[in-house]
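To start, the structure itself, in structure tokens.
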Amino acid sequence: MTQAHGRATDSEGDGRNRAATVRVFVALAPPDEAKDELARELGPAYEAYPRMRWNRIEDWHITLAFLGELPAATVPSLRPPLAELAASHRPVELALRGGGHFDERVLWSGIEGDLEGLHRLATDVRTVARECGVAFEDRPLRPHLTLARARRDDPSSVVTVAAGLAGFTGHGWRAERLHLVGSDFGRGPGPIRYRDIEAWSFDGR
């Protein structure tokens, strides 16, 4: 994910509302080598199903806690405790494997490796968010990497591509950094874009 600081404002229309809130989640990001490996596996699907709403490869991430639409003024309070959390955690050993779908609409790749460590990290991240006064829907963690979404008039492409990923097994990799991410979901007609608000290295031993 691309490192970025600050938040652009818009002086027209609903720009004040956009500047006042930000859609936020905390995540891990696979390294480029792991993403490239999966992208090569998806090459035939990219060509066969160009109408699917494919996520940008640089935006692929594993969500640990989705915090939703937050007041922009709340975000700075998350930074110190998340930095401290990252400093106390070891990198997590993971790999991308297989594929599946949610409701025949959302295509994903599965995650394997140190799932116990991944769940422990997600629990700690969510505890930090609550201690910062952030109210969010605490959904059970289902580790996955979202790849694409089907259009409403396309009921079968996601299922077909997911079946084609069943035999995919990626090489292992280490999640080295914790990412606090903002998105522009629902803020325009174009594709969703993500940006790092900040990221911290795992320094635990």
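Computed from a predicted structure; not experimentally measured. The figures here come from the full heavy-atom set of this structure, side chains too, leaving out hydrogens, waters and symmetry mates.
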Let me confirm one number: the CD1-CZ distance from Ile62 to Arg142, rounded to the nearest 0.5 Å.
15.0 Å
Using the test side-chain hydrogen bond (donor to acceptor under 3.5 Å, both in side chains), find all partners of Glu41 that sit at least two apart in sequence or belong to another chain.
none
Do His61 and Phe25 have ring centroids that are under 6.0 Å from one another?
yes
Can you pull out every side chain to side chain donor-acceptor pair (under 3.5 Å) where at least one residue sits in residues 122-134? Sequence neighbours excluded, please.
His89-Asp124, Arg126-Asp138, Arg130-Asp138
Sub-4.5 Å side-chain heavy-atom contact between Leu82 and Leu180:
yes
For the hydrophobic clusters of this structure (ILVMFWY residues joined by side-chain heavy atoms under 4.5 Å, transitively), does one cluster hold both Leu145 and Val159?
no
So which heavy atom on Thr63 is nearest to which on Leu141, and how close?
O-CD1, 3.4 Å
Those residues at least two apart in sequence (or on a different chain) that pass salt bridge (Lys or Arg N to Asp or Glu O under 4.0 Å) with Asp153 are Arg51
Of all residues at least two apart in sequence or in a different chain, which pass the side-chain hydrogen bond (donor to acceptor under 3.5 Å, both in side chains) check with Arg40?
none
Donor-acceptor list for residues 106-122 side chains, cut-off 3.5 Å, not counting sequence neighbours:
residue: Ser109; atom: OG; partner: Gly98; partner atom: O; Å: 3.2
residue: Glu112; atom: OE1; partner: Arg97; partner atom: NH1; Å: 3.0
residue: Asp114; atom: OD1; partner: Gly117; partner atom: N; Å: 2.8

If we only count heavy atoms from C-beta on, is the Arg195 to Val22 side-chain gap below 4.5 Å?
yes
Which pair of heavy atoms, one from Glu104 and one from Pro155, lies closest together, and at what distance?
OE1-O, 3.9 Å
One pair to check against side chain to side chain contact (heavy atoms under 4.5 Å, CB included): Val125 and Val26. What are the steps and the verdict?
CA-CA 8 Å; Val125 165; Val26 183; 3.7 Å; yes
To the closest 0.5 Å, what do you measure between OG (Ser183) and CZ (Arg23)?
5.5 Å
Phe202 versus Ala175, closest heavy-atom pair with distance:
CD1-O, 3.2 Å
Taking every heavy atom of Lys35 against every heavy atom of Ile57, the minimum-distance pair comes out as CD-O, 3.4 Å
Please round to the nearest 0.5 Å and tell me the distance separating atom OG1 of Thr21 and atom CD of Glu69.
3.5 Å
Please identify each residue that fulfils side chain to side chain contact (heavy atoms under 4.5 Å, CB included) with Thr160, with sequence neighbours left out.
Tyr49
Taking every heavy atom of Ala39 against every heavy atom of Tyr46, the minimum-distance pair comes out as O-CE1, 3.9 Å
Sequence neighbours left out, cut at 3.5 Å: what donor-acceptor pairs do the side chains of residues 164-174 make with other protein atoms?
residue: His171; atom: ND1; partner: Glu37; partner atom: OE2; Å: 2.6
residue: Arg174; atom: NE; partner: Glu176; partner atom: OE2; Å: 3.2
residue: Arg174; atom: NH1; partner: Glu93; partner atom: OE2; Å: 2.9

Taking side-chain hydrogen bond (donor to acceptor under 3.5 Å, both in side chains) as the test, write out the residues that go with His144, two or more places apart.
Thr146
What residues, two or more places apart in sequence or in another chain, satisfy side-chain hydrogen bond (donor to acceptor under 3.5 Å, both in side chains) together with Glu33?
none
Tell me every residue that passes side chain to side chain contact (heavy atoms under 4.5 Å, CB included) with Pro81, counting only those two or more places apart in sequence or in another chain.
Val128, Cys132
Any side-chain heavy atom of Thr74 sitting closer than 4.5 Å to one from Val24?
no
Arg152 meets the salt bridge (Lys or Arg N to Asp or Glu O under 4.0 Å) criterion, sequence neighbours left out, with none
Tell me every residue that passes side chain to side chain contact (heavy atoms under 4.5 Å, CB included) with Ala150, counting only those two or more places apart in sequence or in another chain.
Arg105, Val158
Charged N-O contact under 4.0 Å between Arg151 and Asp154:
no
Testing the basics here: between Leu178 and Leu85, what is the closest heavy-atom pair and its distance to 0.1 Å?
CD2-CD2, 4.4 Å
